[in-house]
Amino acid sequence: MKIILGVPIMDKVNMRTASRDVERAAFAAFKAGADSRYSHALPDPVAKARELWPGDQGPLVVLGKSAVMPLTTADVPAPSIVANPMAGFFGSLDQSAGARLIRAGTVLDLSGFATATIPYSTEPATAAPWVAEGKPIPVRDYSFAAATVGPVKKAALLTVHTREAGRAAYAEAAFTALLKRDAARSLDAAIFANTAATTSASAGLLHGVTPLPATVADTLEDMMIQDLANLASVVTTAGGHDVVFVAAPQQAAAAAIRKPELAARIWPSPALAAGTVVALDPAAFVSGFDPLPVIDSSADTVVHMEDDTPAQIGSAGDPPVAAAPARSMFQTDTVAVRLIFEMAFALGAPTIATVERVRW
């Protein structure tokens, strides 16, 4: 763990280990819920994690919301304890352009911090101040602006699985794949939104960004190149030193086919509408997480099976309103797994641009 501006910064080499801790903790919660039907006891994810992975303290740290000391130093690698599990989990999502931004940018541990202020220089680059022997050294008076990351806001994932799925030989791999797919989609939808900040959500990176006009040219390739050049010009003029493009899957695939040399710089994201391309400096992206989530499961609850606008199961009124479709975990022999976490993100400098309705 590194410290910058008084805020802990996660060492990116530890992300994969930290992600595994969250994945195992979530699967332990699922298995505990599924197996509780046989034991007729309350689910105990911690006990299940100890049973599944003896000696691995990482999942216990995540499940316990506090550090669990290993019996010996050989029980668990140190990075699993000191890293930020939630940052590692989201940073490891291969299907997410937002995850690539997390890996490329700065990750803060915001536990105990309401906000973090990230200063950036508004001055253009200047030549090295060569100084003749015995002459005074120039003193630069920089102008700075600042971006604020935080406070963290609560987010959550809630999934439902059959009890039989927990008994399959491939149960852990299948559960983890589904969890990471849902998390990837949710992460990108939050990061690349154009909505303003509210009391319960961070602002999307595209909030307040006016789209550039799409290029009209003689060929599809000419339109693509000019659109990308226009986006890159805005980012670099604003002080960006590097540029990547996040595009709707159709545009990302088309760009990779037409210009294979650009494929590494064009990241697909299903969160973007068809025809939308975003350019930004990845190093300017700053994210912050409370390291430890709350993970639990239930085989007896009732949930509203709605992804976009979930409602209370029942609301008073005349007549009363019942949420539909609703599913009883007890009646359908299924298990609900809930992961609650806190996160925030922002650009440390306004190095972003977008274009909509491109024609290529």
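Bear in mind that the values here come from a model prediction, so they are computed numbers and not experimental data.
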Exercise for the section: Report the C-alpha distance between D242 and R265 in whole Å, list the side-chain angles of each, state the deciding distance to 0.1 Å, and finish with yes or no for salt bridge (Lys or Arg N to Asp or Glu O under 4.0 Å). Expected result: CA-CA 10 Å; D242 191 14; R265 287 187 175 272; 2.7 Å; yes
Completion exercise
For D296, the salt bridge (charged side-chain N to carboxylate O under 4.0 Å, His left out) test, sequence neighbours excluded, returns R338
Handout entry: Q226 and D222: side chain donor to acceptor below 3.5 Å
Key = no
Exercise for the section: Please report the closest heavy-atom contact between A171 and A165, naming both atoms and the distance. Expected result: CB-O, 3.2 Å
Problem - Donor-acceptor contact below 3.5 Å, side chain S269 vs main chain A97 - result: no
Practice task
State, with a plain yes or no, whether a side-chain heavy atom of L179 is found less than 4.5 Å away from one of L157.
Solution key: yes
Fill in the blank from the handout: In short, P151 meets A344 closest at the heavy-atom pair O-CB, 3.8 Å
Exercise for the section: Mark yes or no for whether E306, through its side chain, and D308, through its backbone, hold a donor-acceptor pair below 3.5 Å. Expected result: yes
Exercise for the section: Flag yes if M305 and L158 sit in one hydrophobic cluster, no otherwise; membership is Ile, Leu, Val, Met, Phe, Trp, Tyr, and two members link when side-chain heavy atoms are under 4.5 Å apart. Expected result: yes
Problem - Contact check, side chains of V160 and V335, non-hydrogen atoms, under 4.5 Å - result: no
Problem - Results of side-chain contact (heavy atoms from CB on, under 4.5 Å) for P213 - residues two or more places apart only - result: none
Problem - Salt bridge present between D56 and R20 (N-O < 4.0 angstrom) - result: yes
Problem - Single-linkage hydrophobic cluster, 4.5 Å side-chain cutoff, L101 and L347 together - result: yes
Handout entry: A346: partners by side-chain contact (heavy atoms from CB on, under 4.5 Å), with sequence neighbours left out
Key = V149
Problem - Other residues, nucleotides, ligands: >12 heavy atoms within 6.0 Å of R181 CZ - result: yes
Practice task
With the side chain counted from C-beta on, respond yes when V209 and N194 share a heavy-atom pair under 4.5 Å apart, and no when they do not.
Solution key: no
Handout entry: Close side-chain approach of L272 and V246, heavy atoms under 4.5 Å
Key = yes
Problem - Closest non-hydrogen atom pair between A299 and G33, with its separation - result: CB-O, 3.7 Å
Exercise for the section: Would you indicate whether the side-chain heavy atoms of I102 and L187 approach each other to under 4.5 Å? Expected result: yes
Exercise for the section: Sorted by first residue and then second, give each ring pair (Phe, Tyr, Trp, His ring centres under 6.0 Å) pair with at least one member in residues 172-198; sequence neighbours left out. Expected result: F27-F175, F30-F175, H161-F175
Problem - Check: K154 side chain, I340 main-chain N or O, donor-acceptor pair, under 3.5 Å - result: no
Handout entry: Atom pair OG1/CD of T276 and Q251 - distance to nearest 0.5 Å
Key = 7.5 Å
Exercise for the section: Considering only Ile, Leu, Val, Met, Phe, Trp and Tyr, and joining two whenever side-chain heavy atoms are under 4.5 Å apart, list the other residues clustered with I225. Expected result: L212, L220, M223, M224, L228, L231, V234, V235, V243, F245, L262, I266, V277, V355, V358, W360
Completion exercise
By salt bridge (charged side-chain N to carboxylate O under 4.0 Å, His left out), E51 pairs with (sequence neighbours left out) K48
Exercise for the section: Please examine the side chains of V302 and R327, heavy atoms only from C-beta on, and report whether any two atoms are closer than 4.5 Å. Expected result: no
Problem - Fellow cluster residues of V131, listed by chain then number, with links counted only when side-chain atoms sit under 4.5 Å apart - result: I137
Problem - Residue pair D188 / S96: nearest heavy atoms and the distance that separates them - result: OD1-OG, 2.6 Å
Handout entry: Worked check of side-chain contact (heavy atoms from CB on, under 4.5 Å) between S200 and K153
Key = CA-CA 6 Å; S200 59; K153 305 293 178 67; 5.9 Å; no
Completion exercise
Residue pairs passing the ring pair (Phe, Tyr, Trp, His ring centres under 6.0 Å) test with at least one member in residues 296-345, sequence neighbours excluded, are F90-F341
Handout entry: A193: side-chain contact (heavy atoms from CB on, under 4.5 Å) partners, not counting sequence neighbours
Key = T195
Exercise for the section: Would you please name every residue forming a side-chain contact (heavy atoms from CB on, under 4.5 Å) with A253, sequence neighbours left out? Expected result: none
Handout entry: Atom pair CD1/NE2 of I352 and H207 - distance to nearest 0.5 Å
Key = 12.0 Å
Exercise for the section: For residues P291 and M86, determine if any side-chain heavy atom of one lies less than 4.5 Å from a side-chain heavy atom of the other. Expected result: no
Handout entry: Closest contact, heavy atoms only, L110 versus G288
Key = CD1-CA, 3.6 Å
Problem - Sequence-distant partners of D333, salt bridge (charged side-chain N to carboxylate O under 4.0 Å, His left out), two or more places apart - result: R37, R163
Completion exercise
Sorted by chain and residue number, the salt bridge (charged side-chain N to carboxylate O under 4.0 Å, His left out) partners of K180 (sequence neighbours excluded) come out as E23
Handout entry: Minimal non-hydrogen separation, M329 against V303, with atom names
Key = CE-CG2, 3.7 Å
Practice task
Decide yes or no for D21 and V61: does some side-chain heavy atom of the first lie under 4.5 Å from some side-chain heavy atom of the second?
Solution key: no
Handout entry: Neighbour count >12 (heavy atoms, 6.0 Å) for atom CD, Q331
Key = no
